[in-house]
Amino acid sequence: HIGPLSSDEPGISFGPGVVLFFRDLTSARRLEAMRADFVANASHELRTPLASLLGFIETLQGPARDDPKARERFLDIMRGQAQRMKRLIDDLLSLSRIEMRAHVAPTGIVDLRTIASQMVETLSPLARERGVAIHSRLPDHAVPVLGDRDELLRVLENLIENAAKYGESGGRVDVELAHLAGSDREAQPRVMLSVQDYGPGIAPEHLPRLTERFYRVDVAQSRDKGGTGLGLAIVKHIVNRHRGHLDISSEPGQGARFSVILPEAQGHD
Ligand code: ADP
């Protein structure tokens with residue numbers, strides 16, 4: 001007989017004693033492989049600065065023991081490595097907190113215009129130090145969405161920081177918030193928050209992979225700039241939790257544009 005053999009396991013019985021059960025092993029295996037990969041990547045990322053710290057400690061206890069100049073220099077490098085480990089652990093914790101809430105949509109009303117103007121004000125001085133001016137184009141009224149204020153601030157922080165870091169040579173970053181014109185009258189109104197830079201941009205083959213954990217176009221460059229490779233993965237998880245969509249486009253040589261599209265909360269101002 002062919003058919004369900006128990007309430008939760010579909011299968012086929014070929015007479016007494018012989019039963020085949022089917023389960024979606026491919027997707028279970030893929031998930032397991034992704035998890036193992038993630039743990040291997042995270043361990044490797046932590047191991048590198050840790051190995052360097054241990055090396056410097058040994059040097060300080062040995063050959064450099066009585067060399068005050070070398071001590072100062074090594075301690076500076078060690079502080080940098082420890083800060084890198086801390087950034088990585090903070091990002092890993094953020095990602096896991098957001099993942100734990102993945103299936104719970106946020107219910108608070110948040111004004112995206114306030115979020116955008118706050119973050120632009122916070123990051124402008126740092127960007128200016130890099131020679132980057134942040135320009136914003138925001139509506140003159142509130143733009144309410146159902147969201148988590150801290151998470152949405154984080155999204156914008158990561159996107160503007162990336163634009164200032166990688167698009168530094170462009171000298172300018174544009175932050176724009178606008179209503180999206182819907183073609184369908186029934187469709188829920190949506191808003192778009194975008195961050196555009198005018199740096200070197202990103203080659204098309206990298207675009208689909210940018211939000212993967214630890215994916216970087218240039219690992220050495222990302223490390224130099226203090227990156228952990230988790231920023232865009234965090235952005236994507238937050239946007240997904242907000243029932244939104246992240247759109248990335250780039251003309252190599254002309255810059256990159258990261259747009260977050262969210263459903264607008266209705267009946268609130
Ligand atoms: P990271 O910590 O390395 O910045 P992210 O997840 O934020 O990690 O970004 C992943 C990679 O995407 C970066 O290492 C960089 O190669 C690329 N990237 C992100 N934003 C930009 C941008 N505005 N211009 C060019 N490349 C970018």
Side-chain angles (χ1 to χ4, degrees), residues 34 37-38 41-46 48-49 80-99 116 119-120 123-124 126-136 151-176 192-241 244-260:
M34 271 172 61
D37 214 39
F38 173 61
N41 277 328
S43 311
H44 176 75
E45 293 289 335
L46 283 168
T48 312
Q81 300 287 14
Q83 280 167 341
R84 181 172 148 203
M85 292 179 73
K86 182 173 183 304
R87 270 198 306 275
L88 192 61
I89 290 168
D90 287 346
D91 277 0
L92 285 168
L93 284 174
S94 298
L95 199 55
S96 105
R97 267 191 225 111
I98 296 157
E99 266 184 333
M119 201 32 83
V120 168
L123 294 179
S124 284
L126 271 171
R128 216 174 296 125
E129 278 174 26
R130 291 177 173 272
V132 175
I134 306 178
H135 295 260
S136 54
E151 289 186 7
L152 292 173
L153 280 166
R154 183 72 195 269
V155 164
L156 202 53
E157 181 182 22
N158 285 4
L159 295 181
I160 297 178
E161 274 180 359
N162 276 356
K165 265 189 328 198
Y166 300 107
E168 191 176 11
S169 57
R172 172 186 177 122
V173 168
D174 287 330
V175 175
E176 191 185 346
M192 183 176 73
L193 182 58
S194 61
V195 178
Q196 162 93 49
D197 69 71
Y198 302 90
I202 305 156
E205 66 268 25
H206 296 294
L207 294 180
R209 301 199 57 191
L210 286 187
T211 57
E212 286 175 23
R213 292 145 197 228
F214 298 117
Y215 188 84
R216 285 165 284 195
V217 175
D218 179 335
V219 177
Q221 185 199 37
S222 155
R223 288 219 180 109
D224 274 359
K225 293 179 185 285
T228 60
L230 293 174
L232 290 177
I234 292 173
V235 166
K236 193 185 94 175
H237 275 81
I238 294 177
V239 172
N240 284 351
R241 186 168 109 80
H245 170 73
L246 175 68
D247 184 66
I248 310 176
S249 61
S250 174
E251 272 297 312
Q254 321 245 333
R257 184 183 183 88
F258 291 75
S259 303
V260 174

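Start at 1 and go down the list; that is how both ligands and their atoms are numbered.
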Test of proximity, I202 against ligand 1: N or O pairs below 3.5 Å: no

Less than 4.0 Å is my threshold; does some heavy atom of D197 fall inside it relative to ligand 1? yes

Quick one: does any side-chain atom of S222 pair with a main-chain N or O of D218 as donor and acceptor, under 3.5 Å? no

Have a look at ligand 1 and work out which part of F258, if any, has a heavy atom under 4.0 Å from it: side chain, backbone, both or neither. side chain

Is the backbone N or O of P49 less than 3.5 Å from a side-chain atom of R84, with the two atoms forming a donor-acceptor pair by type? no

Quick note on ligand 1: atoms under 4.0 Å from a heavy atom of S222 include exactly 1 (P), 3 (O), 14 (O)

Would you mind finding which of V219, V235, T228 brings a heavy atom closest to atom 2 (O) of ligand 1? T228

Determine whether a donor-acceptor pair (N or O, by modelled atom type, separation under 3.5 Å) exists between the side chain of S250 and the backbone of G255. yes

Between S194 and R257: side-chain donor-acceptor atoms closer than 3.5 Å: yes

Nitrogen or oxygen of A256 less than 3.5 angstrom from that of ligand 1: no

Would you indicate whether the side-chain heavy atoms of F258 and N158 approach each other to under 4.5 Å? no

May I ask you to list the atoms of ligand 1 that are less than 4.0 angstrom from any heavy atom of G227? 1 (P), 2 (O)

With rounding to the nearest 0.5 angstrom, report the CG to CZ distance, N41 to R213. 10.5 Å

Has G167 got any heavy atom lying under 4.0 angstrom from an atom of ligand 1? no

For ligand 1, which atoms, with element, lie under 4.0 Å from some heavy atom of V217? 16 (O)

A side-chain contact here means heavy atoms from C-beta on lying under 4.5 Å apart; do M34 and E212 qualify? no

Give me the residue, atom name and distance of the protein heavy atom closest to atom 6 (O) of ligand 1. L232 N, 2.8 Å

Looking only at distance, does R216 have an N or O less than 3.5 Å from an N or O of ligand 1? no

Only one of I234, V260, L152, L193 clears side chain to side chain contact (heavy atoms under 4.5 Å, CB included) with V239; which? V260

Answer with yes or no whether K165 contacts ligand 1, where contact means a heavy atom under 4.0 Å from a ligand atom. yes

Y215 heavy atoms, cut-off 4.0 Å: which ligand 1 atoms fall inside? 10 (C), 11 (C)

With respect to Q221, determine whether any N or O atom, backbone or side chain, lies less than 3.5 Å from an N or O atom of ligand 1. no

Any N/O of A233 closer than 3.5 Å to an N/O of ligand 1? no

Minimum side-chain heavy-atom gap L232-K236 below 4.5 Å: no

With the side chain counted from C-beta on, respond yes when L92 and L230 share a heavy-atom pair under 4.5 Å apart, and no when they do not. yes

Within the 4.0 Å heavy-atom shell around G231, which atoms of ligand 1 are there? 5 (P), 6 (O), 7 (O)

Between G201 and ligand 1, is there a nitrogen or oxygen pair with a distance under 3.5 Å? no

Nearest protein heavy atom to atom 19 (C) of ligand 1, by residue and atom, and its distance? N162 ND2, 3.6 Å

Atom 18 (N) of ligand 1: which protein heavy atom is closest, and how many Å away? Y166 CD1, 3.9 Å

Sorted by first residue and then second, give each side-chain hydrogen bond (donor to acceptor under 3.5 Å, both in side chains) pair with at least one member in residues 197-208; sequence neighbours left out. D174-Y198, H206-Y215

Heavy atoms only: which of I248, D224, L210 lies closest to atom 12 (O) of ligand 1? L210

Between K165 and N162, is any pair of side-chain heavy atoms under 4.5 Å apart? yes

Side-chain contact test, heavy atoms from C-beta onward, threshold under 4.5 Å: evaluate it for E45 versus R223 and give yes or no. yes

Ligand 1 atoms in contact with G229 (distance to a heavy atom under 4.0 Å): 1 (P), 2 (O), 3 (O), 6 (O), 8 (O)

